[in-house]
**Q** 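Got a structure here, written out as structure tokens. Questions coming.
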Amino acid sequence: MQAWVIGNWKQNPATTNEVNELIDSLLSAIDERSNDLNPDICQLMVAPTAIHLAAVSARLQQTPLLCAAQDISAHSGTTGAYTGDCSAQQMADAGASWTLLGHSERRQYHQESADELLQKLTHAQAQQLGVIFCIGETQAQYDAKQTLEVLNEQLAVIKELLTQQPKLVKTIAERLIIAYEPVWAIGTGKVPTVSEVSATHEHIKQTVASFADELPEITVLYGGSVNTDNADSFAASPMIDGALVGGASLKAESFLTIASAFSRAKA
Ligand code: 13P
């Protein structure tokens, strides 16, 4: 199964100049590491802000890096009177081939509901955008051993999408990645053990497989304080198909060291 290493830039970098510097260093480091990085084994992708998406995707044409949006509007997949929103169609037109959805920061700061996420998934599907669907439990839920219960509830949106579009089950599954990101591991330097993550990923794969007949095995990435020191150990697990990287994706060197770890381990 192909590995994926995806950089979620969140609300970074601050300026267009800094975005260009990051792209420059990514492209030159990719060149230098051409023996180490094999896009057939490990696909690379970055998710810039909506304001930087068109410029970044233009610069990434003919490179091994794909471009994703960080979010799309729930209200309309195309156009409409929704001030401040960008639609799936607009993100695709700006050069995104994928979008993150349901990141815990969106759930926390924008109170994203299951209904809204279902709308977004439907719009992404209609505009042929692949979806990296983020799920994860809070520290309190982890401490109360509610992780799997919480993940099941968050994954129910995917079940609903597949139920609503039975003819598109295969197409949806082919363009769907689940990113397991424990909220307590994001930006904290705290990580679950590799065996905990592996068991959780196995549960996610089995759960999604139970949603419809003949679903291909779903790709499941781990996210939350992935760095150059722990990437090898996550990459060694057959249950961990890649990483969704925040802070460490803002430096070409650390992002590509993580990508090399997955390229090597999955070769
Ligand atoms: P960090 O890698 O900074 O912990 O962020 C993870 C994340 O939220 C990626 O979506």
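Indexing begins at 1, ligand by ligand and atom by atom, following the structure's order. This is a predicted model, so every value here is computed, not measured. Keep in mind that the numbers below use all heavy atoms, side chains included, and drop hydrogens, waters and symmetry copies.
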**Q** Determine, using the 4.5 Å side-chain heavy-atom cutoff (strictly less than), whether Leu168 and Ile72 are members of one ILVMFWY cluster.
**A** yes
**Q** Measure the spacing between NE2 of His201 and OG of Ser237 and express it to the nearest 0.5 Å.
**A**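 His201 NE2 to Ser237 OG: 8.0 Å, rounded to 0.5 Å.
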**Q** Out of Leu161, Ile158, Ile172, Leu121, which residue meets the side chain to side chain contact (heavy atoms under 4.5 Å, CB included) rule with Val131?
**A** Leu121
**Q** Give the numbers and elements of all ligand 1 atoms closer than 4.0 Å to a heavy atom of Ser225.
**A**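 Checking each atom against Ser225, I get 1 (P), 2 (O), 4 (O).
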**Q** With nothing but distance in play, are any N or O atoms of His103 less than 3.5 Å from an N or O of ligand 1?
**A**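 In this structure, His103 places an N or O atom under 3.5 Å from an N or O of ligand 1.
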**Q** Does Gly187 come within less than 4.0 angstrom of ligand 1, counting non-hydrogen atoms of the residue?
**A**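 Checking ligand 1 against Gly187, which is what was asked, there is a heavy-atom contact under 4.0 Å.
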**Q** Any nitrogen or oxygen of Gly246, main chain or side chain, under 3.5 Å from a nitrogen or oxygen of ligand 1?
**A** yes
**Q** For ligand 1, is any non-hydrogen atom under 4.0 Å from Asn8's backbone (N, CA, C, O), its side chain (CB onward), both, or neither?
**A**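 Answer for Asn8: side chain.
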**Q** Consider side chain to side chain contact (heavy atoms under 4.5 Å, CB included). Of Leu100, Val5, Val226, which one does Leu244 pass it with?
**A**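 So, applying the side chain to side chain contact (heavy atoms under 4.5 Å, CB included) to Leu244 and each of Leu100, Val5, Val226, only Leu100 qualifies.
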**Q** Less than 3.5 Å between some nitrogen or oxygen of Val245 and one of ligand 1, yes or no?
**A** no
**Q** For atom 8 (O) of ligand 1, tell me which residue out of Lys10, Glu105, Gln70 has the closest non-hydrogen atom.
**A** Lys10
**Q** Quickly, which of Ile177, Thr99, Val157 forms a side chain to side chain contact (heavy atoms under 4.5 Å, CB included) with Phe133? Name it, please.
**A**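 Considering Ile177, Thr99, Val157, a side chain to side chain contact (heavy atoms under 4.5 Å, CB included) with Phe133 is found only for Val157.
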**Q** So Ile204 and Leu151, do their side chains get closer than 4.5 Å, heavy atoms only?
**A** yes
**Q** Is it true that atom NZ of Lys205 has more than 12 heavy atoms of other residues, nucleotides or ligands lying nearer than 6.0 Å?
**A** yes
**Q** Rounded to the nearest 0.5 Å, what's the gap from OG on Ser198 to CD1 on Ile240? Could you check?
**A**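 Taking OG in Ser198 and CD1 in Ile240, the distance rounds to 4.0 Å.
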**Q** Can you tell me if Gly224 has a non-hydrogen atom under 4.0 Å from ligand 1?
**A**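 The answer is yes: ligand 1 sits under 4.0 Å from a heavy atom of Gly224.
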**Q** Got an N/O contact under 3.5 Å between Gly247 and ligand 1?
**A**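 Yes.
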**Q** Report, in ascending order of atom number, the atoms of ligand 1 lying under 4.0 Å from any heavy atom of Glu181.
**A** 6 (C), 7 (C), 8 (O), 9 (C), 10 (O)
**Q** Could you tell me which atoms of ligand 1, counted from 1 in the order shown, lie closer than 4.0 angstrom to a heavy atom of Leu244?
**A**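 In order of numbering, the contacting atoms are 9 (C), 10 (O).
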